[in-house]
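All figures in this text were calculated on a predicted structure; none of them were measured in a lab. To find a chain, count down the sequence lines: A is the first, B the second, and so on, and within it residues start at 1.
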There are 2 protein chains.
Amino acid sequence: MIEKKISEYLENAHEIFLPGVSLDVVILGYSENAIRVLLLKLKEYNLWALPGGFIAKNEDVDAATHKIVKERTGLEKLYFNQFHLFGKTGRNASFLQESSHAAKLSADARNWLNQRFVTVGYFALVRIDQVVPQPDILSEACDWLPVDQLPATILDHHEIVNTAIGHVRRQLNYFPVGLNLLPERFTISELQRLYECILNQKMDRGNFQRKILKLDILVRLEKLKTGGAHKAPYLYRFDRDKYQHKIQHGIGFI
Amino acid sequence: MIEKKISEYLENAHEIFLPGVSLDVVILGYSENAIRVLLLKLKEYNLWALPGGFIAKNEDVDAATHKIVKERTGLEKLYFNQFHLFGKTGRNASFLQESSHAAKLSADARNWLNQRFVTVGYFALVRIDQVVPQPDILSEACDWLPVDQLPATILDHHEIVNTAIGHVRRQLNYFPVGLNLLPERFTISELQRLYECILNQKMDRGNFQRKILKLDILVRLEKLKTGGAHKAPYLYRFDRDKYQHKIQHGIGFI
DNA sequence: GCAAAAGTGTTGGAAATACACCCATGC
DNA sequence: GCATGGGTGTATTTCCAACACTTTTGC
């Protein structure tokens with residue numbers, strides 16, 4: 001059944017999709033003190049790949065991205081950004097060509113797959129706890145893997161992930177990513193650990209607290225009931241209105 | 001003769017170039033107190049367009065950009081950067097379809113032109129005085145036009161220019177663009193006027209001087225012999241070694 | 001001398017840093 | 001009590017914006 005779907009998908013691709021352009025999304029989340037990327041484990045290969053796909057002939061590239069991320073994560077409201085086009089020669093869907101499905105395809109379909117592809121890189125920031133990872137028809141598994149310990153991937157997906165991280169890191173100055181990566185309610189320490197993870201450097205506790213609160217985009221909630229042997233920290237959430245207003249006028253955090 | 005070249009170019013395009021992907025370069029320069037963009041005036045239309053083109057099937061996208069900028073400017077050593085892929089539906093080479101050349105084309109060639117195109121936006125920073133603008137075969141003129149007074153353009157080229165400016169403006173923090181936009185030797189005031197142009201805001205003279213010199217990427221040269229009724233300012237040039245070193249570690253200017 | 005632009009100094013306030021100090025809690 | 005993590009205070013330093021002062025030059 002699935003097999004048939006794959007064959008159908010590949011057979012019809014050349015009629016439905018733009019030729020030569022694909023799309024890969026670096027879906028980033030944060031859990032257990034690590035920035036993680038959602039990767040798919042391909043059937044028939046011991047390789048991982050970014051979620052991605054093709055762009056329908058009558059579809060905006062942004063819309064195609066939204067659709068892909070929604071399919072893999074189940075999320076509807078998304079923060080995502082295009083960050084780079086990867087256009088080296090020699091990029092193609094080689095891993096599909098060698099698959100067991102390729103043999104059965106028509107010449108048109110095979111030619112379409114064999115052509116060179118440029119790929120548009122997007123990154124998306126999501127709350128890991130809200131995501132139910134969903135493999136696509138070409139993959140057998142779907143998992144959150146820490147970005148600093150990537151497994152073997154197809155093509156240049158390693159480079160795509162690293163470029164994405166660089167962009168997120170630079171965005172941190174203008175854009176408080178916590179809103180998209182943390183659960184609705186969180187403590188300042190949790191936010192600090194996220195920042196330390198992204199920037200890969202320790203920060204002073206007291207100064208971080210003052211600095212982030214002075215941005216005036218957080219709302220303090222009731223105290224956290226924790227089991228820890230220490231003072232219970234406050235919970236905060238983002239004030240979406242103030243947040244929207246601030247990012248338009250630019251914040252300098254770092 | 002030219003007419004024949006155009007027909008040949010369009011007729012063969014579908015065999016030589018990647019389908020569905022084009023490339024536009026926002027070539028920026030600075031003169032007479034304005035940031036200027038190199039635009040081409042198309043034959044048969046009263047519209048301007050960015051220098052651009054297609055990507056050969058066996059050519060890196062970056063290499064194609066380099067080739068295009070070199071052809072339009074004559075420059076060999078270039079600073080350029082990819083900044084965005086424009087991927088809305090409905091983008092195509094409509095202006096070419098209606099041209100007098102389109103009628104004579106084969107069905108294959110016409111179909112290739114009629115398809116939807118996504119386009120990769122690049123910006124390049126050049127020294128205007130070193131450039132000899134060179135129209136391409138589809139254009140009758142080639143001129144430096146101030147970015148805040150753009151003429152009517154084809155497609156979304158207006159948006160592409162404005163997006164590019166935004167990127168350059170944000171880069172100013174990490175990247176002292178003066179090296180690429182100013183002549184070899186310049187005064188601090190000239191550099192300040194450039195910054196004021198890009199950021200569209202006045203800056204304090206004394207503070208600008210101290211700030212830019214503290215970056216430690218400029219070398220002071222002999223005095224400028226000026227005809228002005230005032231103290232002759234020093235000339236400076238960029239210290240390329242220090243410059244390269246600094247931009248890798250990031251400078252915070254603004 | 002005077003106007004104009006350049007180079008440099010000064011100064012008050014803001015912001016960043018590196019801590020120190022208490023607080024609440026579970027064991 | 002005490003270890004642990006949280007919230008806040010503070011002294012020091014650094015930085016920055018605003019403006020003043022001086023220098024050089026052509027008229």
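For B/Ser189, a side-chain nitrogen or oxygen approaches OP1 or OP2 of C/dA6 to under 4.0 Å.
Counting to the nearest Å, the P atom of D/dA3 and the NZ atom of A/Lys231 are 19 Å from each other. One atom, CD1 of A/Ile212, and another, P of C/dT17, lie 14 Å apart when rounded to the nearest Å. For the pair B/Asn207 CG and D/dA20 P, the interatomic distance rounds to 13 Å; values are reported in whole Å. Rounded to an integer number of Å, the gap from B/Gln192 CD to C/dA5 P is 13 Å. Rounded to an integer number of Å, the gap from CE of A/Met203 to P of C/dA16 is 11 Å. To the nearest angstrom, C1' of D/dG9 lies 8 Å from CZ of A/Arg210. When the C1' atom of D/dC16 is taken as reference, atom CD of B/Gln209 falls 16 Å away, rounded to whole Å. Per the geometry, CZ belonging to A/Phe208 stands 19 Å off C1' belonging to C/dC19, to the nearest Å.
Counting distance only, with no hydrogens placed and no angle test, the side-chain atoms of B/Arg205 and the base atoms of C/dA6 include a donor-acceptor pair under 3.5 Å. For C/dA16, the base has no donor-acceptor partner in the side chain of A/Asp204 [N/O atoms by modelled type, under 3.5 angstrom].
Place A/Lys214 and B/Tyr234 on DNA chain C by their nearest nucleotides, and B/Tyr234 ends up nearer the 5' end.
Between B/Tyr236 and B/Phe186, the ring centre distance reaches or exceeds 6.0 Å. Ring centers of B/Tyr79 and B/Phe175: under 6.0 Å apart, within the cut-off. In this structure, the ring of A/Phe83 has its center no less than 6.0 angstrom from the ring center of B/Phe83.
If you check C/dA16, D/dA17, D/dG7 against the side chain of A/Lys211, the one that comes closest is C/dA16.
Atom CZ of A/Arg91 has more than 12 neighbouring heavy atoms from other residues, nucleotides or ligands inside a 6.0 Å radius.
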